[in-house]
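Below is one structure, written out as structure tokens; the observations come after it.
Quantities reported herein were computed from a predicted structural model and do not represent experimental measurements.
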Amino acid sequence: MAVMAGSVKMACQNTEFARGIPLLMLNPSAQSATISPDPQKPCPCGTGIEFASCCAPRLNGSAPAQTAEQLMRSRYTAHVVCDVAYLLKTWKAPNPQSVNPDAIKQWAQQSDWQGLVIHQTADGGPSDQEGWVEFSAFYLDRTQANATPTRHRENSRFVQHDGHWFYVEGETVATSTGNDKTGRNSPCPCGSGKKFKRCCGP
């Protein structure tokens, strides 16, 4: 079931959503300060639940993700608030040495998060050891005048180890109307105010 997030105007480090490769491995010099959202406002991940009761407990470590989807949502929120430490803590990258921190930092500084849609999940429950979450993340390139939202759709793999879920890697998914839970005439989840078919839809 698709869940839509409101418009989010914050930038953060990312390759998971931008290029579909394993998420960032940053050195301290490449990390930016964490942004603190209003605890009482809806969580950036799009559940409709206030941040304090949704992803905040994941990010501060008081309530680790119980499912792959919960981790996926919290990692999206971590991108929004620039919580690089959380991204690294919840990532088991196959080859982190291949990631360029400077390139990630440069890309991050020109991106504004617009919304998240969860299309479907497979496994990834509390008793599973592996799970997949297919999602779309929307962002704007701040360096372009009159930029329109860019959509990145990915199927991410997660594993559970010692009671904790970790992101491993993801594959970019080609958009397909028949496989998209957002109706073509529905408002676009990126927050543009346009219909999905006239904005980020396939």
Side-chain angles (χ1 to χ4, degrees), residues 1-20 22-26 30-93 104-105 107-121 124 131-140 142 149-158 160 164-170 189-191 200:
M1 180 178 68
V3 180
M4 300 181 184
S7 180
V8 178
K9 303 294 184 180
M10 299 178 184
C12 190
Q13 286 84 357
N14 166 44
T15 58
E16 176 185 17
F17 303 147
R19 293 188 287 271
L23 190 62
L24 55 94
M25 172 60 76
L26 299 178
Q31 299 182 19
S32 60
T34 300
I35 299 169
S36 298
D38 186 331
Q40 306 307 316
K41 288 188 176 180
C43 190
C45 79
T47 58
I49 303 171
E50 63 183 21
F51 174 67
S53 301
C54 190
C55 286
R58 319 278 182 241
L59 301 184
N60 65 31
S62 62
Q66 298 298 303
T67 67
E69 180 178 342
Q70 285 183 354
L71 184 64
M72 169 66 232
R73 290 184 179 280
S74 66
R75 285 176 62 82
Y76 173 84
T77 298
H79 281 82
V80 174
V81 304
C82 297
D83 191 340
V84 175
Y86 182 78
L87 295 172
L88 297 176
K89 179 181 177 181
T90 59
W91 177 49
K92 286 188 178 294
I104 295 169
K105 181 180 179 180
W107 183 91
Q109 290 174 337
Q110 65 188 34
S111 300
D112 282 334
W113 295 110
Q114 301 294 301
L116 172 69
V117 174
I118 302 295
H119 298 292
Q120 60 183 344
T121 63
W132 290 263
V133 179
E134 186 175 334
F135 68 91
S136 288
F138 300 84
Y139 60 93
L140 286 173
R142 301 170 63 193
T150 296
R151 173 185 180 179
H152 174 75
R153 185 160 178 168
E154 180 181 310
N155 193 21
S156 293
R157 176 174 171 250
F158 298 84
Q160 185 173 194
H164 293 274
W165 281 99
F166 297 90
Y167 167 74
V168 180
E169 58 189 343
C190 76
C200 299

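Among the candidates Val117, Leu116, Thr150, Asp112, the single residue satisfying the side chain to side chain contact (heavy atoms under 4.5 Å, CB included) test with Phe138 is Val117.
The heavy-atom pair separating His119 from Ser136 by the smallest distance is NE2-OG, 2.7 Å. Shortest non-hydrogen contact noted between Cys54 and Thr47 is SG-OG1, 3.2 Å. Scanning all heavy atoms of the two residues, the minimum distance from Leu59 to Ser74 falls at CD2-O, 3.7 Å.
Looking at Thr121 and Phe158, their side chains never come closer than 4.5 Å, going by heavy atoms from C-beta outward. Taking 4.5 Å as the limit, every side-chain heavy atom of Pro64 sits out of range of all side-chain heavy atoms of Trp165. Inter-residue side-chain proximity for Tyr86 and Thr77 is flagged as unmet; no heavy-atom pair is nearer than 4.5 Å.
Residue-environment remark: CD (Glu50) exceeds the threshold of 12 foreign heavy atoms within 6.0 Å.
Note that OH of Tyr76 and SG of Cys43 are 10.0 Å apart. Values are rounded to the nearest 0.5 Å. Here the straight-line distance linking atom CD of Glu169 with atom CZ of Arg157 works out to 6.0 Å at 0.5 Å rounding. Going from atom CE of Met72 over to atom CZ of Phe135 covers 4.0 Å, rounded to the nearest 0.5 Å.
Glu69 and Thr67 share no donor-acceptor pair across their side chains, judged by distance under 3.5 Å alone. A donor-acceptor contact under 3.5 angstrom links the side chains of Thr90 and Arg75, judged on distance only.
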>> Please evaluate residues Arg58 and Arg73 with respect to the criterion side-chain contact (heavy atoms from CB on, under 4.5 Å), reporting the C-alpha separation (whole Å), side-chain torsions for both, the decisive distance (0.1 Å), and the verdict.
In response: CA-CA 10 Å; Arg58 319 278 182 241; Arg73 290 184 179 280; over 6 Å; no
